[in-house]
Amino acid sequence: MHIYDSVAKRKLPFTPLHGRDVTIYVCGPTVYDDAHLGHARSAVAFDILRRTFEMQHYNVTFAKNVTDIDDKIINKAIEQKRSISDVAGEYLQSYERDMAALNVKSADISPKATQSLEAMTQMIQTLLDKECAYQTPNGDIYFDTSKDDDYGCIAQRNEDETQTKQRVESSDEKRNVKDFALWKASQGEFSLSSPFGTGRPGWHLECSAMIEKHFQGTIDIHGGGADLLFPHHENEAAQTRCATGHKIANYWMHNGFVRINGEKMSKSLGNSFFIKDALQNYHGEVLRFYLLSSHYRQDFNFSEEDLLASKKRLDKLYRLKKRLGETAAAKKPEAQFAKGMLEAMNDDLNTSKALALLDEMVAQGNEALDLDPKDKGSKKLFAANLDFVGKLLGVGLEDPFRYFQFGLDPRFIEQIEALIAKRAEAKKAKDFAAADAIRDEIAAMGITLMDTPNGTVWEKSG
RNA sequence: GGCGGCAUAGCCAAGUGGUAAGGCACGGGCCUGCAAAGCCUUGAUCCCCGGUUCGAAUCCGGGUGCCGCCUCCA
């Protein structure tokens, strides 16, 4: 396995710290709104990473935190006259529902900020004791970046030459522009109590404290979106280094951004693409497959056109699955296919290449079935290939008929099937004009018919 | 201003020293009562200029263009 390390800025061979055990920690969502395509991209990228390890018999422990106390959540709660936990709970549930629809596996550990208070206050205390942090008169506690000689080693930026924009809030309280809050003193009714008074923890502190609490040492891989590299991960690294004496992570991975029609997707631009909206129109696997079509580090530019192109690709996988029917899979997938897939994934998660191999495998499967539709041996083998793909990439897991009927009302389905039965009679009577008329009628309803040796099957068009 | 990314056929997208994967769209063919699906098939010399090399999309230098981080953000 080779992964691109964003600190070394090159691909490195991956070696776990402890034998076959791999520890992965990914920065999860701040639950103040529904999940958007950017969340999905990150979640899918690291889900793929995890699956790649798991398929090769590594013992993975996967952690993803949930930030459930934060200004944005507090503001929303105030705005809607609700409790913080109510707001956070709603959006966490929404996040988990969306990610499940994308076949993202649940984390083994998903610590919440509100449940990690002790770990955080302990770390603050340690930093204060080591004089790596200081408290301002109004009660805020800041990390003192001047005490950390290695500050800047993650993002490798020279802060002195960085254009620091004017900060309106409380910058006068800080000793140094680079310093960041470990603890924000209470400003209203929403706060937690701590040895330092009431308030809430700083965002950067979360991951450091959680990693220390759950892993007690350096983890193998720390991941997150590219925007987190600085300052979030720089700060995390500094805190852990100063508080514990060891580095926070051995490898750093960052996924690229999502853009919408060429523009950055962001809260402030108001062009967020919410997963739950997309799931109204597209099967979750379609979105997942689309996200896998480009490399995780590249910028990802969303367009409906590309999404549809991806859907057609996934459709082909499902049509093969449909042709294979109930055939029990062979014990193992085709050796060469499995090897190629793993090689692609081991090369810093080259999903584009893996998908290309998948396309070729599907074509081979169809070819074999065209040649001999009853060849049990090849049917079993291709069924095993699809199982393998399902486990590795998390696509093709759905029942093919249900996949092609995604989002349709059961009564509508009955209607279609009644019409198909009518057409079958017309066909039997060689009344092709009538049969074609029915097909046109069905097509107008958005359904495509396919006559096969085993009868007529249908799909939602497009 | 500092740091970084990207530029490959109509579109999406791999490849990063040996003569351009894959997909979508398009055209052609096979199959089909007709279709759909499936299979086969046509198409790019890789932003520009210069250099290194027997050989570069791939390395180096110089341009041009687009984008991002430095402020909450996946």
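First the proteins, then the strands, lettered A, B, ... as listed; each starts at 1.
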Partner residues of A/Tyr251 under the ring pair (Phe, Tyr, Trp, His ring centres under 6.0 Å) criterion, sequence neighbours left out: A/Phe14
Work out how far the P atom of B/rC12 is from that of B/rG4, and round it to whole angstrom. 27 Å
Distance between P atoms of B/rC24 and B/rG33 (Å, rounded): 26 Å
Can you tell me the Watson-Crick or wobble partner of B/rA9, both distances under 3.5 angstrom? none
Rounded to whole Å, how long is the line connecting atom CD1 of A/Ile260 with atom P of B/rG68? 13 Å
With a cut-off of 6.0 Å (strictly less than), are more than 12 heavy atoms of other residues, nucleotides or ligands near CD of A/Gln336? no
Going by atom types only, do A/Arg297 and A/Asn255 share a side-chain donor-acceptor pair under 3.5 Å? no
Which value, in whole Å, describes the distance between the C1' atoms of nucleotides B/rG22 and B/rG63? 33 Å
Could you check whether A/Asp108 and A/Thr61, counting side-chain N and O atoms only, form a donor-acceptor pair closer than 3.5 Å? no
Has A/Lys353 got more than 12 heavy atoms of other residues, nucleotides or ligands less than 6.0 Å from its NZ? no
C1'-based separation of B/rC54 from B/rC49 [nearest Å]: 23 Å
B/rA57 and B/rA21, which share atom name C1', separated by this distance in whole Å: 14 Å
Would you find a donor on one side and an acceptor on the other, under 3.5 Å apart, between the side chain of A/Lys174 and the backbone of A/Asp179? yes
Check RNA chain B against residues 317-325 of chain A and give the residues with a non-hydrogen atom under 4.0 Å, in numerical order. A/Arg319, A/Arg323
Taking 4.0 Å as the cut-off, does a side-chain nitrogen or oxygen of A/Asn255 come that near to OP1 or OP2 on B/rA74? no
So, for A/Phe46 and A/Phe62, is the gap between ring centers shorter than 6.0 Å? no
Spacing of A/Phe180 atom CZ relative to B/rU71 atom C1', expressed in whole Å: 16 Å
Which nucleotide, if any, forms a Watson-Crick or G-U wobble pair with B/rC59, using both distances under 3.5 Å? B/rG51
Is the A/Tyr290-A/Phe302 ring centre distance short of 6.0 angstrom? yes
Counting the atoms with a prime plus P, OP1 and OP2 as sugar-phosphate, which does A/Trp203 contact under 4.0 Å by heavy atoms, base, sugar-phosphate, or nothing? sugar-phosphate
Quantified in whole Å, what is the P atom distance between nucleotide B/rG51 and nucleotide B/rC66? 28 Å
Take the protein atom CG of A/Leu369 and the nucleotide atom C1' of B/rA37, then report the distance between them rounded to whole Å. 13 Å
Rounded interatomic separation in angstrom, taking CZ from A/Phe404 and P from B/rA37: 11 Å
Euclidean distance, atom CG of residue A/Leu307 to atom P of B/rA13 [Å, nearest integer]: 13 Å
Is there a Watson-Crick or G-U wobble partner for B/rC26 with both distances under 3.5 Å, and which nucleotide is it? none
Donor-acceptor side-chain pairing of A/Asp451 and A/Thr456 below 3.5 angstrom: yes
Pairwise P distance for B/rG55 and B/rG68, with rounding to whole Å: 40 Å
What string of B, S and - do you get for nucleotides 21-28 of chain B 5' to 3' if you count protein non-hydrogen atoms under 4.0 Å? BBSSS---
With a 6.0 Å cut-off on the ring centroids, do A/His233 and A/His204 count as close? no
At under 4.0 Å between heavy atoms, what does A/Val26 touch on the DNA or RNA strands: base, sugar-phosphate, or nothing? nothing
Base, sugar-phosphate or nothing for A/Gly38? Non-hydrogen atoms, less than 4.0 Å. base
Phosphate OP1/OP2 of B/rG15: any A/Asn350 side-chain N/O under 4.0 Å: yes
Find the partner of B/rG1: check Watson-Crick (N1-N3 plus N6-O4 or O6-N4) and G-U wobble (N1-O2, O6-N3) distances, both under 3.5 Å, and reply none if neither fits. B/rC70
Grab the N/O contacts between the protein and nucleotides 4-8 of chain B below 3.5 Å, and write none if there aren't any.
none

Whole Å only: how far is the CD atom of A/Glu234 from the P atom of B/rC69? 17 Å
Report the relative orientation of the aromatic rings in A/Trp252 and A/His254; use parallel for angles under 30°, tilted for 30 to 60°, perpendicular for over 60°. parallel
Considering residues at least two apart in sequence or located in another chain, which fulfil the side chain to side chain contact (heavy atoms under 4.5 Å, CB included) criterion with A/Phe406? A/His283, A/Lys460
Consider ring-ring contact (aromatic ring centres under 6.0 Å, His included). Of A/Phe289, A/Tyr403, A/Phe401, which one does A/Tyr318 pass it with? A/Tyr403
Without decimals, in angstroms, what is the distance between A/Glu206 CD and B/rC72 P? 15 Å
Looking at B/rA14, which nucleotide sits across from it as a Watson-Crick or G-U wobble partner, both distances under 3.5 angstrom, or is there none? none
Check: protein-nucleotides 34-36 of chain B nitrogen or oxygen pairs below 3.5 Å:
residue : atom : partner  : partner atom : Å
B/rC34  : O2   : A/Arg439 : NH2          : 2.2
B/rC34  : N3   : A/Arg439 : NH1          : 3.1
B/rC34  : N3   : A/Arg439 : NH2          : 3.4
B/rC34  : N4   : A/Asp451 : OD2          : 3.2
B/rA35  : N6   : A/Asp451 : O            : 3.3
B/rA35  : N1   : A/Asp451 : N            : 2.9
B/rA35  : N3   : A/Arg439 : NH1          : 3.0

What I'd like to find out is whether the side chain of A/Trp183 reaches to under 4.5 Å of the side chain of A/Tyr142, using heavy atoms alone. no
Out of B/rC12, B/rA74, B/rG38, minimum distance to the side chain of A/Ser42 belongs to B/rA74
Nearest-angstrom distance, C1' atom, B/rG10 to B/rG27: 13 Å
Looking only at side-chain N and O atoms, does A/Asp148 offer a donor or acceptor that is under 3.5 Å from a partner on A/Thr145? no
Given B/rC67, B/rG33, B/rA14, the nucleotide with the shortest approach to the side chain of A/Arg259: B/rC67
Pairwise side-chain contact, A/Lys11 with A/Ile3, heavy-atom cut-off 4.5 Å (strictly under): no
Between the side chain of A/Asp348 and the main-chain N/O of A/Tyr4, is any donor-acceptor distance below 3.5 Å? yes
Mind checking if A/His295 touches a base, just sugar-phosphate, or nothing, with heavy atoms under 4.0 Å? sugar-phosphate
Could you tell me how far apart A/Leu292 (CG) and B/rA13 (C1') are, to the nearest whole angstrom? 13 Å
